[in-house]
Amino acid sequence: MLKSFLIVSAVATLLSAPFAVQAQGVATGAAKGAAVGEDAAGPVGGVVGGVVGGVVGGVAGAVGGLLGIEQRPRFRAYAIREHRPSFHYNDEMVIGVELPERGVTYYEVPAEYGARGYRYTIVNGHPVLVDPRTRRVVEIID
């Protein structure tokens, strides 16, 4: 009985906040979903959350990520036109990387691109979208 309640609670928590993993891709969506599920319902919730997060992340990735397929080239052109300085990152730049607190400047994403609540910066010459609360890269614009 308690196990069923925990599973239902974990699924309800995940389904009530799908935007947290929407632009993360399958791997990051699964990791985020597992963490949220585990917080809500322990190990069983982590398993359920990982599956649900992976599905949500995969669907979001399939439709072009946070910006959408048609917005990506326009946003890339915009970011390059702005001539922002590029932050040098020594490791491989992948979604989920947490950028350092110092040395990185974050800029607002114009409303026309629909990435409300996110910021962008340039890393190793590439525009990236970042969650400003965590400094984690949520999308790399190539």
Side-chain angles (χ1 to χ4, degrees), residues 3-142:
K3 195 182 261 189
S4 296
F5 175 74
L6 292 175
I7 292 172
V8 170
S9 295
V11 171
T13 300
L14 290 169
L15 293 177
S16 68
F19 301 109
V21 296
Q22 184 176 4
Q24 308 288 324
V26 175
T28 307
K32 180 79 171 182
V36 171
E38 190 165 353
D39 287 347
V44 173
V47 171
V48 173
V51 172
V52 173
V55 170
V56 172
V59 169
V63 296
L66 186 63
L67 290 180
I69 293 170
E70 57 283 336
Q71 296 287 45
R72 292 173 64 87
R74 287 183 51 239
F75 180 77
R76 179 172 170 61
Y78 163 80
I80 290 170
R81 246 189 344 264
E82 291 296 301
H83 298 289
R84 306 289 191 185
S86 183
F87 174 76
H88 179 72
Y89 187 75
N90 289 328
D91 295 325
E92 183 181 2
M93 179 54 51
V94 295
I95 291 174
V97 163
E98 184 177 316
L99 296 175
E101 273 187 75
R102 296 189 144 161
V104 182
T105 305
Y106 302 100
Y107 309 97
E108 272 199 51
V109 177
E112 67 189 82
Y113 297 103
R116 200 171 333 149
Y118 292 90
R119 300 289 180 263
Y120 82 95
T121 192
I122 309 297
V123 179
N124 297 341
H126 298 278
V128 298
L129 293 180
V130 179
D131 181 336
R133 295 164 294 168
T134 64
R135 300 183 323 277
R136 289 195 185 278
V137 172
V138 296
E139 190 165 347
I140 300 168
I141 313 300
D142 285 325

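All values derive from a computational prediction rather than experimental measurement. Starting from 1, each residue takes its place in the sequence as its number.
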Check: P100 and F87 side chains under 4.5 Å, non-hydrogen atoms: yes
Please give me the minimum heavy-atom distance between M93 and L99, naming the atom from each residue. CE-CD2, 4.0 Å
Residues E98 and R136: closest non-hydrogen pair is OE1-NH2, 3.4 Å
Verify side-chain hydrogen bond (donor to acceptor under 3.5 Å, both in side chains) between R135 and Y106, making sure each step is shown before the conclusion. CA-CA 9 Å; R135 300 183 323 277; Y106 302 100; 4.6 Å; no
Parallel under 30°, tilted from 30 to 60°, perpendicular over 60°: which one fits the rings of Y113 and F75? perpendicular
If you draw the axis of the six-membered ring of Y107, does the NZ or CZ of R119 fall within 45° of it and under 6.0 Å from the ring centre? no
T121, V104, D142, V97 screened by side chain to side chain contact (heavy atoms under 4.5 Å, CB included) with V128, the one that passes: T121
Is there a side chain to side chain contact (heavy atoms under 4.5 Å, CB included) between E112 and R74 once you walk through the steps? CA-CA 10 Å; E112 67 189 82; R74 287 183 51 239; 2.9 Å; yes
Which heavy atom in E82 sits nearest to a heavy atom in Y120, and how many Å separate them? CG-OH, 3.8 Å
So, does N124 use its side chain to make a donor-acceptor pair with the main chain of Y89 at under 3.5 Å? yes
Determine, stepwise, if the pair V137 / L129 fulfils side chain to side chain contact (heavy atoms under 4.5 Å, CB included). CA-CA 6 Å; V137 172; L129 293 180; over 6 Å; no
Kindly compute the distance separating CD1 (I140) from CZ (R72), expressed to the nearest 0.5 Å. 9.0 Å
Okay, side chain of R84, backbone of I122: is any donor-acceptor separation there less than 3.5 Å? no
Under a 3.5 Å distance rule, please check whether E139 uses its side chain to pair with a backbone N or O of L67 as donor and acceptor. yes
